[in-house]
Amino acid sequence: MKVGILTGGGDCPGLNPVIRGVVRTVCNAGGQVVGLLQGWRGAIQGITTELTIANTDDIIHKGGTILGSSRTNPYKKAEDVQQLLETYKTLGLDALVAIGGDDTLGVASRLYADHKLNTVGCPKTIDNDLSCTDVTFGFDTAINICIEAIDRLRTTAESHRRIIVVETMGRHAGWIACETGMAAAADYVLVPEVEVNLKQMCDVLLARRAAGKMYGIVVVSEGAVVTPEEGLVTTNAKIDEFGHVSLGGVGNLVAEIIEKKTGIETRCVVLGHLQRGGTPTAFDRVLGTRLGVGAGRLVLEKKFGRMIALQGTSIVDVALADATGKLKTLDPQFYRDSAEFFT
Ligand code: F6P
């Protein structure tokens, strides 16, 4: 059996453990694995690399993806889908494992539905916004990076009696901001799913100061809508091949508002791509490995059109069609629990 594997969309720590898991499982069963480079671009253009147990054994600790990634969408041009099908045939593939978020897995789901291509999906994203899986790998590493950053920012905020606004990624889901805020004891958190109440936030910050806490930490998710006039704050007008704008900059807006409304000196730190970089945590290495081994087994069992997933503590498989197209936004209970501390 010859299996292609690709990583698409924004990279994240944990991708290499998945690749290692798939390769080991397929090769142990006598199969062969080919890496398709730069996401769906590699699958269209046939840009490949051979993957073996030997050359993937030592990658578990590396962040990013040894296969490279891109936001290429084969469905943008009809000829690209045809080209991809040709490449699949020319390479003699029997199956294709796509590791990615909603966009990448949406393509895998469509290729299975439209062309009966033997796809298997594996969910990844620091945003933790994929349906049908409890957690995505990359998320744990990202929130640990955010927490470490806030622990450092806290000391300088305290020395200068400032408020520091920390902007996190997460697109339209507030998981990163909410869990970071909870774990780093932020004074306030703004997420896309909860209507922003600037007055209440400023009142909380002022009340804390009046009670003797002379600095503050506010976490804001890049997808939070702070004022109706500004709407979503974007870094540029560019739209990617899946129709997404590039979010970023809302933290600065929040910092300006806080300083104006409270009179407290305020700074903003945008954590940006730091959240996606570096070595994966133990949790993400273990989850990535389990999902990789699970995806390899799905291929060997010829269970196509499926996505490997984590539910509870078990690795299960679900239909790609069920897992894609609907984002898993922040569970309101998480925000309610966080908000106990926003007083
Ligand atoms: O989906 C992962 C993510 O990091 C989002 O949180 C963020 O909005 C986006 O990707 C950034 O994308 P890019 O790497 O293209 O700037």
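From a predicted model like this one, the values you see are computed outputs, not experimental measurements. As the structure lists them, so they are numbered: ligands from 1, and atoms in each ligand from 1.
- A salt bridge links R20 with D57: the distance from a Lys NZ or Arg NE/NH1/NH2 to an Asp or Glu carboxylate oxygen falls below 4.0 Å.
- Closest heavy-atom approach to atom 9 (C) of ligand 1 among the candidates H273, H244, R71: R71.
- Residue R276 places at least one N or O, backbone or side chain, under 3.5 Å from an N or O of ligand 1.
- Between R152 and E148, at least one side-chain N (NZ, or NE/NH1/NH2) sits under 4.0 Å from a carboxylate O, which counts as a salt bridge.
- Stacking of K77 on the aromatic ring of Y75 is not recorded, the 6.0 Å distance cut-off and the 45° axial limit not both being met.
- Seen from the ring of F304, K302 does not count as a face-on cation partner, given the 6.0 Å and 45° thresholds.
- Distances between N or O atoms of G170 and those of ligand 1 include at least one value under 3.5 Å.
- Close to ligand 1: D127, with a non-hydrogen atom less than 4.0 angstrom away.
- No salt bridge links K76 with D80; every basic N to acidic carboxylate O contact stays at or beyond 4.0 Å.
- Of all atoms in ligand 1, listed by their number and element, those nearer than 4.0 Å to a heavy atom of E222 are 5 (C), 6 (O), 7 (C), 8 (O).
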